[in-house]
S.K.: 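If you scroll down you'll find the structure; I have some questions about it.
In the text below, chain A, chain B and the rest are named by the order of the sequence lines, each starting its count at 1. Because the structure is a prediction, the values reported are computed rather than measured.
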2 protein chains.
Amino acid sequence: MKKIVILGASGSIGTQTLDVVKQHPSALRCLGISVGQNIPWLFEHLKNHHYDLVVVQDEFDAKSLALFYPNQTFSFGSEGLVELACLNDAEVVVNALVGFAGLVPTLKAIEAKKDIALANKETLVVAGEMVMAKVHEHQVNLRPIDSEHSAILQALQGNDFKAVKRLIVTASGGSFRDKTREELREVTVEDALKHPNWSMGKKITIDSATLVNKAFEVIEAHHLFNLPYEQIDVIVHKQSIIHSMVEYIDGSIMAQLGTPDMRVPIQYALCGPERLALDTKGLDFNAISQLDFKALDTDFYPLFPLIISAAKQGGNRMCVVNAANEAAIQLFLNNGIKYLSIETIIEDCLNHFPYASNLDIEQMVELDAKVKDYVLHQHKELS
Amino acid sequence: MKKIVILGASGSIGTQTLDVVKQHPSALRCLGISVGQNIPWLFEHLKNHHYDLVVVQDEFDAKSLALFYPNQTFSFGSEGLVELACLNDAEVVVNALVGFAGLVPTLKAIEAKKDIALANKETLVVAGEMVMAKVHEHQVNLRPIDSEHSAILQALQGNDFKAVKRLIVTASGGSFRDKTREELREVTVEDALKHPNWSMGKKITIDSATLVNKAFEVIEAHHLFNLPYEQIDVIVHKQSIIHSMVEYIDGSIMAQLGTPDMRVPIQYALCGPERLALDTKGLDFNAISQLDFKALDTDFYPLFPLIISAAKQGGNRMCVVNAANEAAIQLFLNNGIKYLSIETIIEDCLNHFPYASNLDIEQMVELDAKVKDYVLHQHKELS
């Protein structure tokens, strides 16, 4: 029986994690959850569930809910999140928060010797070295909840890591893969949110369209598997059936394939390498008929090489990129800027904020806020 | 340092095994080889190699070679093969013989407690239960040299076998996959020997065209992995890039991919799960562009369901099928019958030779000879 808590329980990953827990009552138990502002969901959910701790964003919500559920303990805000991440009996913290907000709870959970099941990729993107150093220091496991990294983990299973030649991360190409650069000028938020293969949260769907998501995944893989960027390749595979691959020095490539069901990597992060039966729809090869591959077109996706190059520079570069990206997406989703401005904003921020290294966590939090503030004020009227 | 002997060293698998040995002088050493009738090859090969034992088919060849290589020990015939299979210092016997002839040396090697690297699939097809029982009795390892079974072995690596849902064996469809049944009436030996993806021996290339090879692989997988036929599926994948797959109960499918280089499964059979660097050409996904899948058309390949059904009946059925197939291919290669007569011959033999069970090895050898004799005499003029 593994005891878990879920940060970000009402989102796409959070609800699917709850479903995995429900399917394996003898293997998994959820002790606590956090929810941001989706109080209607939480209100309904608590009718049938009781937790050791429930955390929401606002104090008002916590207090209101407590009136309806007097036997349930509530907490709130960033302190509540840390409290949940460090909950005494929890063994695994599922971090399904969106964006930079996921970083501090991850660090605190690691310090409290919790294993981490990480869906929040910004944690490793912004502070990969710091996080992995803490993982080793406190000897905890950090396992990815991401179809790509889960595929790599599965393709590494039972193999000697020294025999790895390279990782091959597959990319669907996102919502706009069949458009021209010219057409990208006029795409709408609605267009951007139509991912061809996966049903996901808004931010990650936009990140998939810009390929920021794929750049982040490469960076995440670099930290998770401790491999240089030169050994991590990306290939466009529009069906998203092969979730990623590992090539070995003997010429063999091991791949993990499946339907686009995030519960598979969630379950693998929680229970792997053990595989438990899941009520997922198996792949039907007769229905698939074909899998396509093509090289990544970096002219079409200029943010990909820009971000990988920033990641190689290290220091504060990815903190700047990530904050700029989060703020730009927020503006785009609110129809404040055009789609292609996401690119110019990230580039501008990399120029505007000078390189610095060895940031501690407080300096990162400060820089994150400064960059976001800069974007929201400078670029609001850029579109 | 693993010491091996190779039965059938001058064939496609044999020469590639020698190449693998050559690439890893500190990991592998070949103590002895056998060659059938390819004496010119052997004569050249022995100029640069010395073995503890060299076996040929005919006594005359053994004696002639001994005149040229007086410091080399030679032996001959089926007794020589068994002598080689049981060679004292050898740890692994690579069985790259073609056809039923591979069975007895395999059994003798197992009894002599040698591990087996098995390219001779007829061994398991004809006598799977007997062979696997001996493998367990003598506690040796039997590892497949076959891209499909090697892929399955690799896809099982590090996983609990109890979590396997099914094996998915890929099939290229063979030389005639783009023809109609009508066109098959007039195909020639030359046409049949043009395999679209793999460069292999003649017999296996014909078996690929008729899909007998795929039926044999399913039967081999059934014995090797101890799974019922209902858990072994075949899918047509014409590029032969995905060599086979394992589907697990959590919905994940693990696949092994690679170029059509038999040295990869040979090396994995000898050294796996350890992976050693091999000078093989890696897969270039940009060059692949697409992978296709379609259901197996059993109307086009009637031998596939016929043979699987015979295998399920067990007893002497697969001994009859295999002998009929070997004899029919011999006739076809000698232009004695038409291509489609391979089908009618196998079907006829299954009807002609009555079902019997619990055959011992002598009875199998006898039945094999009887069936072949029947085919060669009955069907010679059938075309």
S.K.: Compare every heavy atom of A:K179 with every heavy atom of A:F300, then report the nearest pair and how far apart it is.
M.R.: CE1-O, 3.1 Å
S.K.: Give, as side chain, backbone, both or neither, the part of B:A287 having an atom under 4.5 angstrom from any heavy atom of chain A.
M.R.: neither
S.K.: Taking B:A277, B:A163, B:G258, B:G251 one by one, which has the highest count of heavy-atom pairs under 4.5 Å against chain A?
M.R.: B:A277
S.K.: Given the options B:I288, B:D160, B:D250, B:L276, which has more heavy-atom pairs under 4.5 Å with chain A than any of the others?
M.R.: B:D250
S.K.: Please look at A:L156 and chain B and tell me whether the side chain, the backbone, both or neither of the residue comes under 4.5 angstrom of a heavy atom of that chain.
M.R.: neither
S.K.: Is B:I168 in contact with chain A via its backbone, its side chain, both, or neither, using a 4.5 Å heavy-atom distance?
M.R.: side chain
S.K.: Closest heavy-atom contact between A:V21 and A:C30?
M.R.: CG1-N, 4.0 Å
S.K.: With a 4.5 Å cut-off on heavy-atom pairs, point out which of B:H243, B:Q154, B:Q290, B:H237 contacts chain A the most.
M.R.: B:Q290
S.K.: Tell me the closest heavy-atom pair linking B:V246 and B:A155, and the distance in Å.
M.R.: CG2-CB, 3.6 Å
S.K.: Any idea which of B:K281, B:R263, B:M245, B:K165 has the most non-hydrogen atom pairs under 4.5 angstrom with chain A?
M.R.: B:M245
S.K.: What distance do B:N120 atom CG and B:N95 atom CG have between them, rounded to the nearest 0.5 Å?
M.R.: 4.5 Å
S.K.: Rounded at 0.5 Å granularity, tell me how far CG in B:L167 sits from NE2 in B:H222.
M.R.: 11.5 Å
S.K.: Find the one option among B:R275, B:Q256, B:E274 whose heavy-atom pairs under 4.5 Å with chain A are most numerous.
M.R.: B:R275
S.K.: With respect to B:K121, which candidate in B:E217, B:E220, B:E148 satisfies the side-chain hydrogen bond (donor to acceptor under 3.5 Å, both in side chains) definition?
M.R.: B:E217
S.K.: Do you know the tightest heavy-atom contact between B:K2 and B:L270?
M.R.: NZ-O, 2.8 Å
S.K.: Counting N and O atoms only, with roles assigned by atom type, does the side chain of B:T170 sit under 3.5 Å from a partner on the main chain of B:I242, one being a donor and the other an acceptor?
M.R.: yes
S.K.: Tell me, out of B:M254, B:Q157, B:K162, B:E247, who's got the most heavy-atom pairs with chain A below 4.5 Å.
M.R.: B:M254
S.K.: Between A:L283 and chain B, which part of the residue has a heavy atom less than 4.5 Å away: side chain, backbone, both or neither?
M.R.: both
S.K.: CG of A:D279: more than 12 outside heavy atoms within 6.0 angstrom?
M.R.: yes
S.K.: Which bit of B:T280 comes within less than 4.5 Å of chain A, counting heavy atoms only: side chain, backbone, both or neither?
M.R.: side chain
S.K.: Under a 4.5 Å heavy-atom cut-off, does chain B meet the side chain of A:D292, its backbone, both or neither?
M.R.: both
S.K.: Under a 4.5 Å heavy-atom cut-off, does chain A meet the side chain of B:N286, its backbone, both or neither?
M.R.: both
